[in-house]
Structures are given as structure tokens and as C-alpha cells.
Enquirer: 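Sending over a structure as C-alpha cells; questions will come in a sec.
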Amino acid sequence: MKITINIDENVSETEIAIHCNQLTDEIENIMATLRILNQQMLVSKEEETHLIDVGKISYVEALERRTFVYTQEDVFESKLKLYEMEEKLCRLGFFRISKSCLVNLKFIKTIRNDVERRLRLTLKNGEQVMVSRQYAEEIKKRLGV
């Protein structure tokens, strides 16, 4: 792969163009990463509304009819339902790992087989989340395991 950067002081807006002979998984991953850079989400914490970068979200979890958004440093709440979050985030590198959880694939540090064909994911911040049997094979494929 060849990467070329042209710096021109007269350019008013940055443009990224990809030239290829076919759309590969590698190119799709690059496009997903670029989309993450421009995505932000409204969340709340302690009666304040925050605008956070989607790329900083490590995982999203639904508990007791509420949706929580976890970053490396903090926990927020979203007004969106988990399925609405999935619609927005799955094209940005997130993957459903159970009925109540989505994980950002770039935050996975280790994968371990667990009881009853489940997987235990350790995230970069040390937190662990479980992948249910229903989603275990698909996430292994997605991660190339």
C-alpha cells in the first residue's frame, strides 16, 4: 500500500481519496477508522450533557433498561437503546458480544476461552467482558482467531 500526503496551504478543506483496483477488508477497516474520527455522541453524567468522540468508547452495555457508555476513564449514560447504538456503531468497528453489550474491537487486549463455549475479553483498561456463546464464533472470525 502506498500513502501520499500533499500539503498545500491553499486547500480549504481536507480531502482523503482512496485509489484501488478492488475493495478489500483492509480498505474497509481504513474507512471505518476514518469514520470514527468524525463521529461524536451525546451522553450524560450527573445531569450534565457531554459530547464524546465515538473512538474513545471501549464498550456499551444495557442494564436495567438503561444504556451505559464506557470510555477508558469514565462511564456515561445514553438515551439511546442498545439496538439504536448498534445501528450507529457497528459500521464504526463495534461488535455485539451479548444481548446486552457492544464492544469496540480496537480496545480488545486479550481473548480467553471460558466455560460453556463463551469467551472472556480483556480490554486495554483491564476491564473484562463476556462474549456469549451465540456471538463467540462470529467475533473469532471477525478478529481472525
Enquirer: Is there side-chain contact between Val69 and Met85, with at least one heavy-atom pair below 4.5 Å?
Expert: yes
Enquirer: I want to check something: taking the side chain as every heavy atom from C-beta on, are Arg96 and Leu82 in contact at a cut-off of under 4.5 Å?
Expert: yes
Enquirer: Which pair of non-hydrogen atoms, one from Leu51 and one from Gln40, has the smallest distance, and what is that distance?
Expert: CD2-OE1, 3.1 Å
Enquirer: At their closest point, which heavy atom of Gly55 faces which heavy atom of Asn104, and how far apart are they?
Expert: O-ND2, 4.0 Å
Enquirer: Spell out, yes or no, whether Leu143 and Tyr135 are grouped together once hydrophobic residues are joined by side-chain heavy atoms under 4.5 Å, including indirect joins.
Expert: yes
Enquirer: Rounded to the nearest 0.5 Å, what separation is found between the CG atom of Leu102 and the OG1 atom of Thr67?
Expert: 9.0 Å
Enquirer: Could you state the interatomic distance from CG (Asn125) to OG1 (Thr122), rounded to the nearest 0.5 Å?
Expert: 10.0 Å
Enquirer: Looking at Lys124 and Lys106, would you say the former's side chain and the latter's main chain have a donor-acceptor pair under 3.5 Å?
Expert: yes
Enquirer: What class does the angle between the rings of Tyr70 and Tyr59 fall in, given that below 30° is parallel, 30 to 60° is tilted and above 60° is perpendicular?
Expert: parallel
Enquirer: Let me see the working for Leu80 and Lys88 under side-chain contact (heavy atoms from CB on, under 4.5 Å), right down to the final yes or no.
Expert: CA-CA 10 Å; Leu80 298 174; Lys88 290 179 175 281; 3.7 Å; yes
Enquirer: How close do Ser98 and Ser132 get, counting heavy atoms only, and between which atoms?
Expert: CA-OG, 3.8 Å
Enquirer: Would you compute the distance between atom CD of Glu86 and atom SG of Cys101 and round it to the nearest 0.5 angstrom?
Expert: 11.0 Å
Enquirer: Measuring only between side-chain heavy atoms, which start at C-beta, is Leu119 closer than 4.5 Å to Asn113?
Expert: yes
Enquirer: For the side chain of Thr24 and the backbone of Ile27, is there at least one donor-acceptor N/O pair under 3.5 Å apart?
Expert: yes
Enquirer: With the 4.5 Å side-chain cut-off for hydrophobic clustering, are Val129 and Phe68 part of the same group?
Expert: yes
Enquirer: Which value, rounded to the nearest 0.5 Å, describes the distance between Lys109 atom NZ and Gln128 atom CD?
Expert: 10.5 Å
Enquirer: Looking only at heavy atoms, which two atoms of Asn6 and Thr4 are closest? And how far apart?
Expert: OD1-CG2, 3.9 Å
Enquirer: Going by the side chain to side chain contact (heavy atoms under 4.5 Å, CB included) test, name the single residue among Ile108, Leu105, Asp114, Thr110 that passes it with Leu121.
Expert: Ile108
Enquirer: According to a 4.5 Å side-chain heavy-atom criterion applied to Ile, Leu, Val, Met, Phe, Trp and Tyr, with indirect links allowed, do Phe107 and Leu89 form part of one hydrophobic cluster?
Expert: no
Enquirer: Hey, quick one: are Ile139 and Met130 part of the same hydrophobic cluster, counting side-chain heavy atoms closer than 4.5 Å, chains of contacts allowed?
Expert: no
Enquirer: If you define the side chain from C-beta out and look only at heavy atoms, does anything of Leu123 sit under 4.5 Å from Val103?
Expert: yes
Enquirer: Would you mind reporting whether Lys45 and Glu48 have side-chain heavy atoms less than 4.5 Å apart?
Expert: no
Enquirer: Side-chain contact, heavy-atom cut-off 4.5 Å: His50 with Asp74?
Expert: no
Enquirer: Can you measure from CD (Gln72) to CD (Glu127) and round to the nearest 0.5 angstrom?
Expert: 8.0 Å
Enquirer: Side-chain contact test, heavy atoms from C-beta onward, threshold under 4.5 Å: evaluate it for Phe76 versus Ile57 and give yes or no.
Expert: no
Enquirer: Group every Ile, Leu, Val, Met, Phe, Trp and Tyr by side-chain heavy-atom contacts under 4.5 Å, then state whether Val75 and Ile97 land in the same group.
Expert: yes
Enquirer: For Arg66, is the CZ atom crowded, meaning more than 12 foreign heavy atoms sit under 6.0 Å from it?
Expert: no
Enquirer: Quick one, Val131 and Arg118 - any side-chain contact, counting heavy atoms below 4.5 Å?
Expert: no
